[in-house]
Amino acid sequence: MKIFDGIRNIPYEGPKSKDPLSFRYYNPNEIVDGRSMSEHLKFAVAFWHTFNYDGSDPFGMGTMQRPWSKVSNPMDLALIKVDALFEFCEKLNVEYFCFHDRDIAPEGGTLRETNKNLDVVVEHIKDHMKTSKIKPLWVTANMFSNPRYVHGAATSPNADVFAYAAAQVKKALEIAKEVGASNYVFWGGREGYETLLNTDMEFELENMARFLHMAVDYAKKIGFDGQFLIEPKPKEPTKHQYDFDAASAIAFLQKYDLSEHFKLNIEANHATLAGHTFQHELRYARINGKLGSIDANQGDLLLGWDVDRFPTNIYETTLAMYEVIKNGGLHSGGLNFDAKVRRGSFTPEDLFKAHIAAIDAFAAGWKIAHKVIGDGVIDEFVSKRYSSYKRGIGKDIVSGKMNFETLEKYVIDKDKIGNISGMQEELESLLNYYILNFQS
Ligand code: XUL
Ligand code: CO
């Protein structure tokens, strides 16, 4: 039985297509640098937003019209959504999906019962995977929705909660291994605090490190060899989250001797919530060898919370893909659409159209970035800008020959220090040129 009746497989029809149910820029089989676009751009569908989000917000109830809306038995519903996932990905030609443990199966009265529910759904996923090339990009555990996690999970002041979270991640890692996930993500949903009046920050951070070491040990024990990823976010749901941004997550990993086991999953809307650009976070992760994967979405600069819009801004996707290409790709990672359709976009067709728009925006951004890098214009400019370090005094600074005293001697009688223009507007205009002309 087909769930998304009336929706055909989404074809590539090229840039002139006016059909919103076709790709304009994403041609999965097009070969670039010896690899297909689908290998370069590993897109993933986020189970939670696409199959669970009902459109409710703090002011109103759900709006989404879904083919499974009338299914009331929770296990039947869980299984039908997995069928929907595979059909959706196949029709979209997307090879990956991501999920939290609690997205795919309902909780029971005890963890034992919950795990039994999970086993049934995981079997169903594995059955689909036998006849499909669709696979999980990453798996994670939801340790923020249930009231037991009101004060956090690994950073909860309650040791029973720490234990429960550990058992939950143990099971999620077993699932990740079973379904062959390429990565395992930790997003610290409530790992943070509301007020320091009731919080031992240092102890909470130590506990978070203890927890992650246990996860690393258990993955090793069961032979799960996927990449561990931390997903930074500065706030929401807690006022201050510990994995604030790439820089704080990297410092944490270094301090607690976890660095070799983790990379980062950088999310666009989390970057802007932290007061950074998406590109800043990608760059910071990349230059530290920590760019592992991307949660591809888009915030709204007029709204100060995590709106998770589908990413359609080509300027942003171009700069993001610039970092990805410079990173040599995302390796085990990919581009997960951690994005939800707007509340007013409630038809099943909107789900397809939103993914198509985002896939095309990233495919175009990738092509543009590829051209910019290939032409070497930005690299050339940047390299010239720092060329004073390639000769004379600059070369001596870099090679470690100089100190404060010798540098003082060098400048003390100089009457003029010259600078060259940063040419920002010219470069922005150049980028516009590439964006507007990338197809010619
Ligand atoms: C929340 C968020 C999560 C993580 C996975 O802002 O991004 O969905 O991606 O837990
Ligand atoms: Co995310």
Side-chain angles (χ1 to χ4, degrees), residues 42-54 57 85 96-105 136-146 149 152-155 165 168-169 171-173 175-176 181-192 208 211-212 215 226-246 249 262-274 276 278 281-282 285 291-300 303-311 316 320 330 333-341 354-355 358 362:
K42 288 153 63 188
F43 292 119
V45 168
F47 197 98
W48 54 103
H49 286 313
T50 299
F51 302 101
N52 293 348
Y53 176 56
D54 70 354
D57 71 7
L85 163 81
Y96 295 89
F97 61 100
C98 299
F99 63 93
H100 302 78
D101 48 1
R102 300 298 174 255
D103 299 338
I104 60 166
L137 182 68
W138 52 257
V139 170
T140 188
N142 176 332
M143 300 189 291
F144 43 88
S145 294
N146 191 289
Y149 294 121
T155 66
Q168 198 179 323
V169 172
K171 179 68 177 174
L173 285 168
I175 292 171
S182 313
N183 307 273
Y184 184 92
V185 165
F186 285 94
W187 169 61
R190 293 184 194 274
E191 311 293 31
M208 199 158 91
F211 192 94
L212 294 179
Q227 174 67 51
F228 275 118
L229 300 167
I230 301 247
E231 183 178 321
K233 184 174 184 183
K235 55 188 167 191
E236 203 198 336
T238 55
K239 185 175 84 176
H240 186 109
Q241 304 216 165
Y242 291 132
D243 300 319
F244 189 93
D245 60 0
F262 284 83
K263 286 188 178 178
L264 302 180
N265 182 38
I266 299 294
E267 176 163 329
N269 204 166
H270 295 180
T272 47
L273 282 179
H276 301 307
F278 186 21
E281 286 294 84
L282 295 169
L291 177 49
S293 200
I294 286 178
D295 267 12
N297 60 15
Q298 180 174 306
D300 187 319
L303 302 173
W305 64 93
D306 195 14
V307 291
D308 287 341
R309 281 167 59 195
F310 273 87
E316 293 292 315
L330 289 169
L335 293 153
N336 168 47
F337 293 118
D338 192 352
K340 53 179 183 258
V341 284
H355 280 84
F362 268 96

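Counting starts at 1 for both ligands and their atoms, in listed order. Model, not experiment: these values are computed from the prediction.
- Sorted by chain then number, the residues whose non-hydrogen atoms approach ligand 1 to under 4.0 Å are W48, H100, W138, W187, E231, K233, E267, H270, D295, D306, D338.
- Residue L273 holds its CG atom at 9.0 Å from CZ of F244, rounded to the nearest 0.5 Å.
- In summary, the side chains of N297 and D338 do not present any donor paired with an acceptor at a separation below 3.5 Å, with no hydrogens or angles considered.
- In this structure, F144 CZ and T238 OG1 are separated by 12.0 Å, a value rounded to the nearest 0.5 Å.
- For the residue pair D245/H276, the side-chain donor-acceptor check at 3.5 Å is satisfied.
- Near the Co ion (ligand 2), less than 2.8 Å away, sit the protein N, O or S atoms E231 OE2, E267 OE1, D295 OD2, D338 OD2.
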**Asked** Would N336 and Y96 count as a side-chain contact (heavy atoms from CB on, under 4.5 Å) if you check the C-alpha gap in whole Å, the side-chain angles of each, and the deciding distance to 0.1 Å?
**Response** CA-CA 8 Å; N336 168 47; Y96 295 89; over 6 Å; no
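- In summary, of the residues considered (D243, N269, D306), a side-chain hydrogen bond (donor to acceptor under 3.5 Å, both in side chains) with K233 occurs for D306 alone.
- Of the residues V169, L229, V185, the one that meets the side chain to side chain contact (heavy atoms under 4.5 Å, CB included) test with T140 is V185.
- How far CD of E191 is from CZ of F211: 7.5 Å, rounded to the nearest 0.5 Å.
- Using a 4.5 Å heavy-atom threshold, the side chains of H355 and T50 count as touching.
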